[in-house]
Amino acid sequence: MPPLWSRAGDRAAAAQPAGQSVPERPAGPPSEAPVGSRRVAAGFFDRFPEFYDTSETSSFPWRLNLRHDAIFAEHADLFSGARVLDIASHDGRWSMAALDAGAAFVLGVEARPELVDRADATLRRYGVDEARFRFVAGDVFEVLAHEEPQVDVVLCLGFLYHTLRHNELFTRIRRTGATHLLLDTEIHRGAEPVVRLADEHVARQGNAVADAFSYGDTVLTGRPTLAALDLLARTQGFDVERLSDWDGLLRDNPEADQVRDYRIGRRATLRLRRA
Ligand SMILES: C[S@@+](CC[C@H](N)C(=O)[O-])C[C@H]1O[C@@H](n2cnc3c(N)ncnc32)[C@H](O)[C@@H]1O
């Protein structure tokens, strides 16, 4: 059986002579949802608008609300009563979404302490029961190694491409015992299982933080192709179950801005399950 993400775009990319551009369309198969059914009429963050102001990192309304649909509305079955780990929990936006979706408890891990404080304050202001969440300030690799939390669902949203330590990350995720992993990440376009290297500066709020393996103010990071992600996941006992339907979301919300990376297939949302 061809891999789940196999589609015209990637086959074309594979057949493309070197140096020619890859067709630009959302990652994943074409939408099978009826036209109009993926319209996002009332955005999740319109109910919690503080999140439009608590971050400098891609807190644009359309982007946040379509991401909410792709990450939570499409996978609503995962959250009722679940213990959730939110990796790189930032200002708490997705921890809030997980709790609203019915999670029993969320542990958020975020390297930048000021973001942890903001997450804590925002959830309290929105009246979330304090017994249902905990935000820890620290490097995710260190915190997970030290605390070894046990959860049902892991959220790894906007983080995988801020590190090159992918195998270590998947090991830590596996050891949480989670049955499902929701991954939202930038990807490198192409059919081969490769990881494209980049460096990023630690000064930006949304970027990597310096760690034991970085030097100076930059961190070496890597964007895997979907094929590389599949391999990474399989070698750690996870299967890619499906990709979220960005094709349908973008078709039915044509005025959405700040989502070009999803539109051209440079970013995707994946649901993985323990094999
Ligand atoms: C692009 S933002 C993603 C925020 C949010 N999860 C989302 O998807 O909208 C990346 C986040 O990862 C955090 N981060 C970077 N390196 C980290 C590390 N080693 N451990 C924990 N958090 C880290 C950053 O501080 C930042 O908040």
Side-chain angles (χ1 to χ4, degrees), residues 43-45 48 50-72 75 84-99 106-120 122-123 133-147 149 153-166 168-173 176 181-187 198-214 217-223 244 246 258-259 261-262 266-270:
F44 172 80
F45 288 99
F48 303 104
E50 277 200 31
F51 288 105
Y52 295 140
D53 298 319
T54 49
S55 164
E56 294 154 19
T57 309
S58 301
S59 51
F60 310 106
W62 269 114
R63 184 176 180 83
L64 282 183
N65 288 317
L66 290 195
R67 288 183 73 202
H68 178 270
D69 212 83
I71 299 164
F72 291 90
H75 307 289
V84 174
L85 168 66
D86 183 3
I87 290 176
S89 49
H90 202 64
D91 60 351
R93 50 176 68 150
W94 305 124
S95 297
M96 182 80 202
L99 290 167
V106 178
L107 170 66
V109 182
E110 164 57 50
R112 291 185 162 83
E114 67 277 14
L115 287 168
V116 164
D117 292 346
R118 239 172 269 175
D120 226 32
T122 308
L123 266 65
F133 64 90
R134 182 161 79 92
F135 292 109
V136 176
D139 176 280
V140 68
F141 297 99
E142 289 175 13
V143 173
L144 294 187
H146 182 249
E147 294 210 7
V153 177
V154 173
L155 304 175
C156 182
L157 311 174
F159 177 68
L160 194 79
Y161 55 97
H162 291 301
T163 185
L164 193 56
R165 296 162 67 182
H166 301 135
E168 185 183 348
L169 186 63
F170 268 91
T171 301
R172 292 284 163 220
I173 290 171
T176 66
L181 164 63
L182 290 175
L183 194 55
D184 183 78
T185 184
E186 286 185 10
I187 48 176
D199 60 338
E200 65 181 35
H201 208 275
V202 296
R204 279 188 65 188
Q205 187 201 59
N207 279 0
V209 292
D211 64 16
F213 305 98
S214 58
D217 290 340
T218 51
V219 174
L220 190 62
T221 65
R223 281 162 187 68
S244 293
W246 276 97
Q258 306 290 348
V259 284
D261 45 357
Y262 294 101
R266 294 235 176 96
R267 188 163 179 134
T269 309
L270 296 89

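For ligands, and for the atoms within them, numbers begin at 1 and follow the listed sequence.
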Among all protein non-hydrogen atoms, which one is nearest to atom 9 (O) of ligand 1, and what is the separation to 0.1 Å? Arg93 NH1, 2.6 Å
Per-atom contacts of ligand 1 with Asp139, taking only distances under 4.0 Å to non-hydrogen atoms: 19 (N), 20 (N)
Is a side-chain donor-acceptor pair under 3.5 Å present for Asp86 with Ser95? yes
the protein heavy atom lying closest to atom 3 (C) of ligand 1 turns out to be Gly158 O, 3.5 Å
Identity and separation of the nearest protein heavy atom to atom 23 (C) of ligand 1: Ala111 CB, 3.6 Å
Could you grab the distance from atom OG of Ser89 to atom CZ of Arg118, nearest 0.5 Å is fine? 12.5 Å
Report the relative orientation of the aromatic rings in Phe48 and Phe44; use parallel for angles under 30°, tilted for 30 to 60°, perpendicular for over 60°. tilted
Under 4.0 Å from one or more heavy atoms of Gly138, ligand 1 contributes atoms 20 (N), 21 (C)
Answer yes or no for Arg165 and Phe141: cation-pi contact, defined as NZ/CZ to six-membered ring centre under 6.0 Å and angle to ring axis within 45°. yes
Main chain of Ile71, side chain of Ser244: is a donor-acceptor contact present, judged purely on distance under 3.5 Å? no
Please report which non-hydrogen protein atom sits nearest to atom 20 (N) of ligand 1, along with the residue it belongs to and the distance in Å to one decimal place. Val140 N, 2.9 Å
Give the residue and atom name of whichever protein heavy atom lies nearest to atom 13 (C) of ligand 1, and the separation in Å to one decimal. Glu110 OE1, 3.4 Å
Is the backbone of Ile173 close enough, under 3.5 Å, to the side chain of Thr176 for a donor and an acceptor to pair up by distance? yes
Is Gln205 touching ligand 1 with its side chain, its backbone, both, or neither, if touching means heavy atoms under 4.0 Å apart? backbone
For ligand 1, which atoms have a heavy atom of Arg67 less than 4.0 angstrom away? 7 (C), 8 (O), 9 (O)
Heavy-atom pair of closest approach, residues Cys156 and Leu181: CB-CD1, 4.0 Å
Is Glu50 reaching over with its side chain to a backbone N or O of Thr122, donor-acceptor style, under 3.5 angstrom? no
Assess the pair Trp94 and Phe45: is the distance between their ring centroids shorter than 6.0 Å? yes
Within the supplied structure, the quantity of interest is the number of heavy atoms (other residues, nucleotides, ligands) at a distance under 6.0 Å from Arg266 CZ; does it exceed 12? no
If you count the atoms of ligand 1 from 1 in the order shown, which ones are under 4.0 Å from a heavy atom of Ala208? 15 (C), 16 (N)
Top protein contact for atom 24 (C) of ligand 1, by heavy-atom distance: Arg112 NH1, 3.3 Å
So is Asp184 touching ligand 1 or not, going by heavy atoms under 4.0 Å? no
Nearest neighbour in protein (non-hydrogen) for atom 15 (C) of ligand 1: Asn207 O, 3.3 Å
Taking non-hydrogen atoms only, is Phe141 closer than 4.0 angstrom to ligand 1 via side chain, backbone, both or neither? neither
Which of the atoms of ligand 1 are close to Trp94, meaning less than 4.0 Å from one of its heavy atoms? 5 (C), 6 (N), 7 (C), 8 (O), 9 (O)
Considering only NZ, NE, NH1 and NH2 on the basic side and carboxylate oxygens on the acidic side, decide whether Glu147 and Arg134 come within less than 4.0 Å. yes
State the CD1-CG distance between Ile87 and Leu160, to the nearest 0.5 angstrom. 9.5 Å
Which ligand 1 atoms, with their elements, are less than 4.0 angstrom from a heavy-atom of His90? 4 (C), 5 (C), 26 (C), 27 (O)
Within less than 4.0 angstrom of ligand 1, does Leu115 place any heavy atom? yes
Out of all atoms in ligand 1, which are within 4.0 Å of some heavy atom of Gly206? Include the element for each. 1 (C), 2 (S), 10 (C)
Polar contacts were defined as any N/O atom of the residue lying under 3.5 Å from an N/O atom of the ligand; does this apply to Phe159 and ligand 1? no
Nearest neighbour in protein (non-hydrogen) for atom 11 (C) of ligand 1: Ala88 CB, 3.7 Å
Over 60° means perpendicular and under 30° means parallel, so classify the ring planes of Tyr262 and Trp246, tilted if in between. parallel
Return yes or no for this condition: an N or O of Ile87 is under 3.5 Å from an N or O of ligand 1. no
